[in-house]
Amino acid sequence: MKLLSNIGLLLFCFVAVSAQNVSQADYVLREDLSYIEDSETDEYRRSRCKLDVYYPVKTKGFSTVVWFHGGGLEGGGKHIPAELKNKGIAVVTVNYRLSPKAENPAYIVDAAEATAWAFKNIEKYGGDPDKIFVAGHSAGGYLALMVGLDKKYMASYGVDADKIKGLIPISGQTNTHYTIRKERGLPWGIPVIDEYAPINCVRKNLPSTLLVTGDRTMEMTARFEENLHLKAIMASMGNDVELYELQGFDHGNVLAPSGDLILRFIAKHTGSAK
């Protein structure tokens, strides 16, 4: 586990940005593309299951981050994280169905179908389907882990989850998500580890994984400890996994300093991040 203080992180980010030779290529944003079948009849799913694609137009073979927003699986909406703009990569940002209008596993199913869409379509925009990372903050981090760890969701859309280049959950829950517990009428603070807990889906030969959380004294209850537990289980099976705890940052503001960690992770595993 790697612990970064505020000062250390600022120095780390300065060096990382200086070393990246950030691309000034033009970018295009394609908005509200449906990632579900045209035959879908559920109106909520038809209205909600949309994604945006933000990509560089002067380069080819770039890496792509499929990004899931946070909001506790009950709110939020797709957006391009500022930390990932104009960095020589594409971002596919996704809306998914929300609780309580939809219930588990609807949001996991949507996340898997959106990720499968990226594998099947990113080459049309100039991206490399062998360089797709799945990421998100908070609830989005939980979805990224479920898509990557439980292979059945991606398999139902004809894509092997092992093709994911890397998983990047930022402050994601690794036990069964608290909103799933809420849907079941279970107590808020009592953990559950069942088939909807990423930690219960760990297997050998997972995609390389970057775990990032805020300061354990400022984070949501046990969020750092959940990620530390996941790291231990993943590593025990021989998987490539890193964990960073960003001191001085809480659950809400941990995303901003995570940007350079994400870019360095992509560069490490593909060499394509600028």
Student: Any salt bridge (Lys or Arg N to Asp or Glu O under 4.0 Å) involving residues 148-167? Give me the pairs, sequence neighbours left out, ordered by first then second residue.
Tutor: Asp150-Lys152, Lys151-Asp160, Lys151-Asp162, Asp162-Arg203
Student: Running the 4.5 Å side-chain criterion over Ile, Leu, Val, Met, Phe, Trp and Tyr, what cluster does Ile190 land in, apart from itself?
Tutor: none
Student: Assigning hydrophobic clusters by single linkage (Ile, Leu, Val, Met, Phe, Trp, Tyr; side-chain heavy-atom cutoff under 4.5 Å), is Leu145 placed with Val192?
Tutor: no
Student: When you measure from the side chain of Asn227 to the backbone N and O of Gly172, does any donor-acceptor pair fall under 3.5 Å?
Tutor: yes
Student: Please confirm whether the backbone N or O of Ala118 pairs with a side-chain atom of Asn121, one donor and one acceptor, at under 3.5 Å?
Tutor: no
Student: Going hydrophobic residue to hydrophobic residue with side-chain gaps under 4.5 angstrom, can you get from Met220 over to Phe68?
Tutor: no
Student: Please answer whether the main-chain N or O of Gly248 pairs with a side-chain N or O of Asp215 as donor and acceptor at a distance below 3.5 Å.
Tutor: yes
Student: Checking the side chain of Tyr27 only, and the main-chain atoms of Gly88 only, is there a donor and an acceptor separated by less than 3.5 Å?
Tutor: yes
Student: Which atoms form the tightest heavy-atom contact between Gly141 and Pro169, and what is the distance?
Tutor: O-CB, 3.5 Å
Student: Tell me whether Arg30 contacts the main-chain N or O of Val53 through its side chain, where contact means a donor paired with an acceptor under 3.5 Å.
Tutor: no
Student: For the side chain of Thr179 and the backbone of Gly72, is there at least one donor-acceptor N/O pair under 3.5 Å apart?
Tutor: yes
Student: Got a sec, which residues hit salt bridge (charged side-chain N to carboxylate O under 4.0 Å, His left out) with Lys268, two or more places apart in sequence or on another chain?
Tutor: Glu242
Student: For Asp128, check side-chain contact (heavy atoms from CB on, under 4.5 Å) against everything at least two apart and list the hits.
Tutor: Asp130, Lys131
Student: Ring centroid separation for His79 and His137, is it under 6.0 angstrom?
Tutor: no
Student: Among Tyr142, Tyr196, Trp188, find the one that has a ring pair (Phe, Tyr, Trp, His ring centres under 6.0 Å) with His177.
Tutor: Tyr142
Student: What are the two closest non-hydrogen atoms of Tyr96 and Ala139, and how far apart are they?
Tutor: OH-CB, 4.2 Å
Student: Check the pair Ser171, Glu219 against side chain to side chain donor-acceptor pair (under 3.5 Å), reporting the backbone distance first and the verdict last.
Tutor: CA-CA 8 Å; Ser171 196; Glu219 261 283 7; 2.6 Å; yes
Student: Of all heavy-atom pairs between Leu210 and Leu261, which one has the smallest distance, and what is that distance?
Tutor: CD2-O, 3.7 Å
Student: Is the NZ or CZ atom of Lys101 both under 6.0 Å from the centre of the six-membered ring of Tyr44 and within 45° of that ring's axis?
Tutor: yes
Student: Within the 3.5 Å criterion, strictly below it, is a donor on Ser63 or Thr270 matched to an acceptor on the partner's side chain?
Tutor: yes
Student: State whether the side chain of Glu40 and the backbone N or O of Asp42 hold a donor-acceptor pair below 3.5 Å, judged by distance alone.
Tutor: yes
Student: Would you mind checking if Arg216 and Glu245 are paired as a salt bridge, meaning a charged N to carboxylate O distance below 4.0 Å?
Tutor: yes
Student: Would you mind listing every side-chain hydrogen bond (donor to acceptor under 3.5 Å, both in side chains) that reaches into residues 107-117, with sequence neighbours excluded?
Tutor: Arg45-Asp110, Arg45-Glu113, Arg97-Asp110, Tyr107-Glu183, Glu113-Tyr157
Student: Which residue in the set Asp52, Asn95, Thr93 passes side-chain hydrogen bond (donor to acceptor under 3.5 Å, both in side chains) when paired with Lys78?
Tutor: Asp52
Student: What salt bridge (Lys or Arg N to Asp or Glu O under 4.0 Å) pairs are there with at least one residue in residues 168-182, not counting sequence neighbours?
Tutor: Glu74-Lys182
